[in-house]
Structure formats: C-alpha cells, structure tokens
Amino acid sequence: MRAHSSLPLPQFVVDIAFFSSGERYATETYTVPASTWFAAEQQALQMSVNSVYDDARIPDLSRTATVRTA
C-alpha cells in the first residue's frame with residue numbers, strides 16, 4: 001500500500017453580482033476551494049441561490065460571476 005499525499009485545492013474568490021432588470025443591486029463574495037476557475041464559478045453560483053438577494057419577487061433577476069485567485 002502506498003501513502004497518498006493530497007495537495008489542498010487552490011482558493012478562488014468569486015464575486016456574484018445580482019441584477020434586477022439590468023441594474024446591479026447587490027454583490028456577495030465567496031471564497032471557494034476548487035480545481036479550476038470554472039469549477040469555482042459554478043460552485044459560487046450554486047451557493048448564491050441561498051443568498052438573501054436571490055428572491056423570486058425581484059423582477060428580471062439575473063447574476064454574474066467574477067473569479068480571481070485568492
């Protein structure tokens with residue numbers, strides 16, 4: 001049996017901007033461990049579904065993600 005060494009996943013900082021009818025009304029920042037920037041973006045977008053800013057009553061709700069390394 002061989003010993004396995006595991007490297008920690010890189011950390012990414014993802015800013016999720018929330019928009020109503022094209023107007024930004026909030027931004028939340030998530031720090032996400034992930035293997036790639038795309039995986040970090042997808043994970044943060046999924047996390048943002050539980051945000052207080054994700055409200056079905058907000059007209060034309062949309063969001064964008066901006067990813068950077070931590």
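- One N or O on the side chain of Thr36 and one on the backbone of Ala39 form a donor-acceptor pair closer than 3.5 Å.
- Side chains of Arg68 and Asp15 form a contact here, defined as non-hydrogen atoms less than 4.5 Å apart.
- Expressed to the nearest 0.5 Å, how far OG of Ser35 lies from CD of Gln43 amounts to 9.5 Å.
- Gln11 approaches Pro33 most closely through the heavy-atom pair NE2-CB, 3.4 Å.
- Rounded to the nearest 0.5 Å, atoms OG1 (Thr66) and CD (Glu41) are 8.5 Å apart.
- Other members of the hydrophobic cluster containing Val14, listed by chain and number, are Phe12, Ile16, Phe18, Tyr25, Tyr30, Val32, Trp37, Phe38, Leu45, Met47, Val52, Tyr53, Ile58, Leu61, Val67; membership follows side-chain contacts under 4.5 Å among ILVMFWY residues, whether direct or relayed.
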> Hey, mind stepping through Ser51 and Glu28 against side chain to side chain donor-acceptor pair (under 3.5 Å) and telling me if it holds?
Replying inline: CA-CA 8 Å; Ser51 170; Glu28 283 194 331; 3.0 Å; yes
